[in-house]
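Indexing begins at 1, ligand by ligand and atom by atom, following the structure's order.
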Amino acid sequence: MSDIGFIGVGNMGAPMVKNLVAAGHSVTAFDLSAVALDQAVAAGATPAADIGAVAAGRDVVITMLPAGEHVRSVYLDAGGVLEKASAGALLADCSTVDVESARAVHAKAAAAGLEMVDAPVSGGVGGADAGTLTFMVGGSEAAFGRAEAVLANMGKTVIHAGGAGSGQAAKVCNNMVLGISMIAVSEAFALADKLGLDRQKLFDISSTASGQCWSLTNYCPVPGPVPASPANRDYQAGFTAAMMLKDLRLSQQAAADSGATTELGAEATALYERFCAAGNDSVDFSGIFKMVGGDDA
Ligand code: NAD
């Protein structure tokens, strides 16, 4: 069992800590928010006073922070993880951040002689709580080999995506598909309404035809066909529109940095910007159905 330091114990981090403790690891946690830190302590972690105290002397240091700026600061600042972590420690950043920040921190970790993985997740708060997250991991074979067993305590799937930053690259590509496909499915239901085609009939046909996709069959944006989808509880999140917008913006930043053309990704980003600007930040991302010609149009 490992001695683990965990930084960033908010909505995702706290339940991840719970599962590490349940697996028998010793976890020391730090968060700028006293409320978040209390949750981690309730989940079985020992509180630390600062980043130095959480990072020094650990076998593994895990971070679950809001965005790239926080990750750069926590790892790279004076008194940060790279300065304080012990020789031989494994570093795992599970936050969703821009590919460039991930690669910058990887490079500095390597220069400091520390092994690191970027390991963003899919599965949301429910998956974090149930220990069923999917981890998309970027880093060397050796670093992945060390990280896999620890991450498996918090998830059901741990996939090596490639070298440094590849986990973040996989995450933004996947979530760009998700954002675009949710809008596509929403537009199809809006069109069906106008054509007088019954929603359940469209679902029954498309879910067994070439329109089949996760946004339709697992997370249908209209009430009825998929009883567990947020559409049946007035689009209570789930995965918020603000989170989807964050990930779409990361995809567009990555596209601009790498010279990729992602016209539908850009359009999806613009639509989610409009949806969020209308006061829907905390609404489930499938609520975009109400804007693209659906119930509120
Ligand atoms: P959150 O805001 O609930 O938690 C982040 C925590 O980091 C907060 O408690 C905050 O106080 C802490 N923090 C920020 N800066 C810090 C610093 N310098 N030192 C110590 N602590 C600091 O966010 P979350 O929902 O837990 O998401 C975390 C990450 O997981 C994000 O990158 C998000 O995109 C990703 N993610 C979230 C979900 C989801 O459904 N919530 C799903 C997949 C991925």
Partners passing ring-ring contact (aromatic ring centres under 6.0 Å, His included) against His25 (at least two apart in sequence or in another chain): none
N or O contacts of ligand 1 with protein under 3.5 Å, please list pair by pair.
{"residue": "ligand 1", "atom": "3 (O)", "partner": "Asn11", "partner atom": "N", "Å": "2.9"}
{"residue": "ligand 1", "atom": "3 (O)", "partner": "Asn11", "partner atom": "ND2", "Å": "3.2"}
{"residue": "ligand 1", "atom": "9 (O)", "partner": "Asp31", "partner atom": "OD1", "Å": "3.2"}
{"residue": "ligand 1", "atom": "9 (O)", "partner": "Asp31", "partner atom": "OD2", "Å": "2.8"}
{"residue": "ligand 1", "atom": "11 (O)", "partner": "Asp31", "partner atom": "OD1", "Å": "2.6"}
{"residue": "ligand 1", "atom": "21 (N)", "partner": "Leu32", "partner atom": "N", "Å": "3.4"}
{"residue": "ligand 1", "atom": "26 (O)", "partner": "Asn11", "partner atom": "N", "Å": "3.3"}
{"residue": "ligand 1", "atom": "26 (O)", "partner": "Met12", "partner atom": "N", "Å": "2.8"}
{"residue": "ligand 1", "atom": "32 (O)", "partner": "Leu65", "partner atom": "O", "Å": "2.8"}
{"residue": "ligand 1", "atom": "32 (O)", "partner": "Pro66", "partner atom": "O", "Å": "3.0"}
{"residue": "ligand 1", "atom": "32 (O)", "partner": "Thr96", "partner atom": "N", "Å": "3.0"}
{"residue": "ligand 1", "atom": "32 (O)", "partner": "Lys246", "partner atom": "NZ", "Å": "3.0"}
{"residue": "ligand 1", "atom": "34 (O)", "partner": "Lys246", "partner atom": "NZ", "Å": "2.8"}

Residue pairs fulfilling side chain to side chain donor-acceptor pair (under 3.5 Å) with at least one residue in residues 121-133, sequence neighbours excluded: Lys18-Asp129
Indicate the ring-plane relationship of Phe189 and Phe289, choosing parallel, tilted or perpendicular according to the 30° and 60° boundaries. perpendicular
Mark yes or no for whether Asp281, through its side chain, and Ala241, through its backbone, hold a donor-acceptor pair below 3.5 Å. no
Going by distance alone, is a donor N or O of one side chain under 3.5 Å from an acceptor N or O of the other, for Tyr219 and Asp284? yes
Identify, with sequence neighbours excluded, every residue that meets salt bridge (charged side-chain N to carboxylate O under 4.0 Å, His left out) alongside Arg249. Glu273
